[in-house]
Protein chains: 2
Amino acid sequence: MSLRHAILVLLQDEEASGYDLAREFANSIGLVWNATHQQIYLELGKLNEQNMVHYRHVPQDGKPDKKLYRITDEGRQELVRWLRRPAAPARVRDAFMVKVAGAALADPETLLGELDQLVQQRKERLANFEAEARKLERQSEGNSRFQHLTLRRGILDQEAWLAWAEEVREVLEDTLSHQH
Amino acid sequence: MSLRHAILVLLQDEEASGYDLAREFANSIGLVWNATHQQIYLELGKLNEQNMVHYRHVPQDGKPDKKLYRITDEGRQELVRWLRRPAAPARVRDAFMVKVAGAALADPETLLGELDQLVQQRKERLANFEAEARKLERQSEGNSRFQHLTLRRGILDQEAWLAWAEEVREVLEDTLSHQH
DNA sequence: ACTGCTTATACAACGGATTGCGCAGGCACA
DNA sequence: TGTGCCTGCGCAATCCGTTGTATAAGCAGT
């Protein structure tokens, strides 16, 4: 149950709306902890009830009104407490990997197609992370070092995945050529 | 909802008990899809009702009796159908990574301690995967190539994580020395 | 004109997942 | 003799997460 803590971490340096947070979860932090907007709005509601965050209503024209959330002292205290406790073990759900493990029964061509799509996605992500990392390297404040580490994790992860994908491709192509 | 498919993949080459599967989920496949024994027993019950798997009761002495599960033709068909459909996007929940992102508020020493423990775990995992991979390389049947790829993923992943951990250590130690 | 994307928030229902508990015997170690 | 760990199976409650649906307005492309 630490979606709340991920939200608090994001609110640590900036005031943000639920929508802003949802976008961040879709990009940078998403690699590490994913959440949809429904989850986020719900959690923000709970955090507000518990005085961990406060918001101010901001009317906009052209666009719908929004609520800009900010972390409170109580929220910051909760975050510090959580940081002291040992982290829960990481959980993963990667269906594509399960497929590769069971690929003996699969059609290699279909899998190769899916692999190509994923390679495409990962390459785009890698480029994004690298661009973000370069931005951060220029402005080095106290907090940006840790944001940079998160990006480095993303970069190393994409690179490792892409290297692995090449090994998968070789095996699948070999399987294909032996079928005919 | 593809815990069922992960189970079917594991049962593809071997007859196994719920306990056996739980161990595999804790080790090899666990990197990619995790599940606890409660989930596994529940799912095996459902799969059995739907004739995707069958089991035979095996009495043991010294140890409790067990049920050895085997995949059925219907189960294999379901697996093939699933392999054809595009995989659901991967989901991650890595609390430690969230911590690093929010480390500006954390106590660097506590985090370093946790990092050391995780490095230890990852190194052990890496050694296990490498040993398993060497075993598989000797006996190269049709199916073992895909199992080998799963292990390769595990190996590359641990290596990338360990490289990243060194970067984290540097930053944390630097933060520490500037505090005093 | 129509379709679809973007900004913005939110409820309801269902199913999946985690946590807690319980049983049961054997083996090893102190 | 007690404690803890390994082998094995399972139920119940609750919590988390996903999917579907709703509203509302603007802007871009076909």
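A/Asp61 comes within 4.0 angstrom of no nucleic acid atom, judged by non-hydrogen atoms across all strands.
Atom pair B/Glu43:CD and D/dC11:P shows a separation of 14 Å (rounding to whole Å applied). Straight-line distance from the CG atom of A/Leu47 to the P atom of D/dC16: 12 Å, rounded to whole Å. For A/Tyr41 and D/dG17, the OH to P distance is 18 Å, given to the nearest whole Å. Straight-line distance from the OH atom of B/Tyr55 to the C1' atom of D/dG10: 12 Å, rounded to whole Å. If you measure from atom CG of A/Leu42 to atom P of C/dA13, you get 14 Å, rounded to the nearest angstrom. For the pair A/Ile40 CD1 and D/dC16 P, the computed distance is 15 Å after rounding to whole Å. When rounded to the nearest whole Å, the span between NZ of B/Lys63 and C1' of C/dC23 equals 19 Å.
Nearest to the side-chain atoms of B/Tyr19 among the listed nucleotides C/dA8, D/dC11, D/dC9 stands D/dC9. Taking the side chain of B/Lys46 as heavy atoms from C-beta on, and the options C/dA17, C/dG16, D/dC9, the nearest nucleotide is C/dG16. When distances are taken from the side chain of A/Thr36 to each of C/dT9, D/dC9, D/dT19, the shortest belongs to D/dT19. Relative to the side chain of B/Leu3, the nucleotides D/dC16, C/dA17, D/dT7 differ in distance, and C/dA17 lies closest. Residue A/Lys67 places its side chain closer to C/dT9 than to any other of D/dT7, C/dT9, D/dG10. The side chain of A/Arg93 approaches C/dA17 more closely than any other nucleotide in the set D/dT18, C/dA17, D/dG8.
Just one of B/Arg152, B/Arg145, B/Arg153 meets the salt bridge (Lys or Arg N to Asp or Glu O under 4.0 Å) condition when paired with A/Glu167; it is B/Arg152.
Taking the six-membered ring where the residue is Trp, A/His5 and A/Trp82 present parallel rings, their angle staying beneath 30° rather than reaching 60°.
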Using the rule given for side chain to side chain donor-acceptor pair (under 3.5 Å), can you reason through B/Arg122 versus B/Gln117, listing the C-alpha separation, both sets of side-chain angles and the distance that settles it, and then say yes or no? CA-CA 9 Å; B/Arg122 297 269 180 168; B/Gln117 277 182 34; over 6 Å; no
Give the C-alpha distance, both sets of side-chain angles, the deciding distance and a yes or no for side chain to side chain donor-acceptor pair (under 3.5 Å) between B/Arg125 and B/Gln120. CA-CA 9 Å; B/Arg125 246 194 237 169; B/Gln120 212 34 50; over 6 Å; no
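Nearest heavy atoms, A/Gly18 versus A/Leu44: CA-CD1, 3.7 Å.
For A/Gln60, no side-chain nitrogen or oxygen approaches OP1 or OP2 of C/dT7 to under 4.0 Å.
Comparing B/Gln38 and B/Arg91 against DNA chain C, the residue whose closest nucleotide sits nearer the 5' end is B/Arg91.
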